[in-house]
Amino acid sequence: MRVRILAAGKPALAYAKSGVDEYLKRLGRYGSYELEYLKAGDSTTVSATLLERSAGNFRIAMDERGEVLATQAWADKFASLELRGEIKAVSFLIGASDGHTEELRRTCDAVWSLSRLTMQHELALVVLLEQLYRVATLRRGEPYHR
Ligand SMILES: C[S@@+](CC[C@H](N)C(=O)[O-])C[C@H]1O[C@@H](n2cnc3c(N)ncnc32)[C@H](O)[C@@H]1O
């Protein structure tokens, strides 16, 4: 199963750029993880583009209003998505500074939260990638996950 991460706007902050590079590099050993940036803009335009670019994928909106899950629950959800043979790709959608539209949240297959905190979108991207890496190591029984 391909894992796609679609994010509005390339990171501009140095810590975010290096965090993204680091976790993408690490994830490369665990499967197909693809990070795609789209142009930042207003919420309506960005949400419409995110939906268009993720058409046909199992879509997970990353949003502070979403379901807060433990890391083990992420791993369990991944396993059950993989068992559903019809799902070829899952897309995680990160919004721009104004967040997602209500329509995007309604249209997605799931809405997950990284915490109840509102994070700057570049930080949210780094936290998402770190969790994906943690889930990958957890599923392989490797020691990174504690
Ligand atoms: C600055 S936030 C948008 C805040 C906006 N006020 C809202 O109502 O969503 C930009 C993006 O970062 C991501 N994000 C920020 N905090 C998050 C959290 N706690 N959980 C999941 N995603 C988060 C979301 O994708 C969000 O659309």
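Numbering of ligands and ligand atoms starts at 1, following listing order.
- Atom 20 (N) of ligand 1 has as its closest protein heavy atom L114 N, 2.8 Å.
- Here is the list of ligand 1 atoms found below 4.0 Å of a heavy atom in L117: 16 (N), 17 (C), 18 (C), 19 (N).
- Side chains of T45 and D42: a donor-acceptor N/O pair is present below 3.5 angstrom, by distance only.
- By the 3.5 Å distance cut-off applied to N or O atoms, G99 is not counted among the residues near ligand 1.
- Numbered from 1 in the order shown, with element, the atoms of ligand 1 that lie under 4.0 Å from a heavy atom of S115 read 18 (C), 19 (N).
- Heavy-atom contacts of T118 reach the following atoms of ligand 1: 4 (C), 16 (N) (cutoff under 4.0 Å).
- Looking at R65 and V111, their side chains never come closer than 4.5 Å, going by heavy atoms from C-beta outward.
- For the ligand labelled ligand 1, residue A61 lies outside the 4.0 Å heavy-atom shell.
- Nearest non-hydrogen protein atom to atom 11 (C) of ligand 1 is G95 O, 3.5 Å.
- Of all protein heavy atoms, the one closest to atom 21 (C) of ligand 1 is D63 N, 3.3 Å.
- Looking at I60, L93, D63 one by one, the single match for side chain to side chain contact (heavy atoms under 4.5 Å, CB included) with C108 turns out to be L93.
- Ring pair Y133/Y30 is perpendicular by interplanar angle, where above 60° counts as perpendicular and below 30° as parallel.
- Across all their heavy atoms, G66 and R116 have their closest contact at O-NH1, 2.9 Å.
- Among all heavy-atom pairs drawn from H100 and S47, the shortest one is CA-OG, 3.5 Å.
- Given atom 10 (C) of ligand 1, the protein heavy atom at minimum distance is A96 O, 3.1 Å.
- Ion pairing of R106 with E103 is absent here, as no side-chain N (NZ or NE/NH1/NH2) approaches a carboxylate O to less than 4.0 Å.
- Atoms of ligand 1 lying under 4.0 Å from at least one heavy atom of H121, given by number and element, are 10 (C), 11 (C), 12 (O).
- For R65, every heavy-atom contact with ligand 1 shorter than 4.0 Å involves the side chain, none the backbone.
- Close approach to I94 involves these atoms of ligand 1, each under 4.0 Å from a residue heavy atom: 25 (O).
- Counting heavy atoms from C-beta outward, W112 and K77 have side chains that approach closer than 4.5 Å.
- Heavy atoms of A124 found under 4.0 angstrom from ligand 1 belong exclusively to the side chain.
- L138 and V3 are members of different hydrophobic clusters when ILVMFWY side chains are connected at heavy-atom separations under 4.5 Å.
- Nearest to atom 16 (N) of ligand 1 by heavy atom, out of M119, R105, M62, H100, is M119.
- Contacts of S97 with ligand 1, taken as heavy-atom pairs under 4.0 Å, involve the backbone alone.
- At a heavy-atom cutoff of 4.0 Å, ligand 1 is contacted by no atom of L128, backbone or side chain.
- For Y37, there are no ring pair (Phe, Tyr, Trp, His ring centres under 6.0 Å) partners, not counting sequence neighbours.
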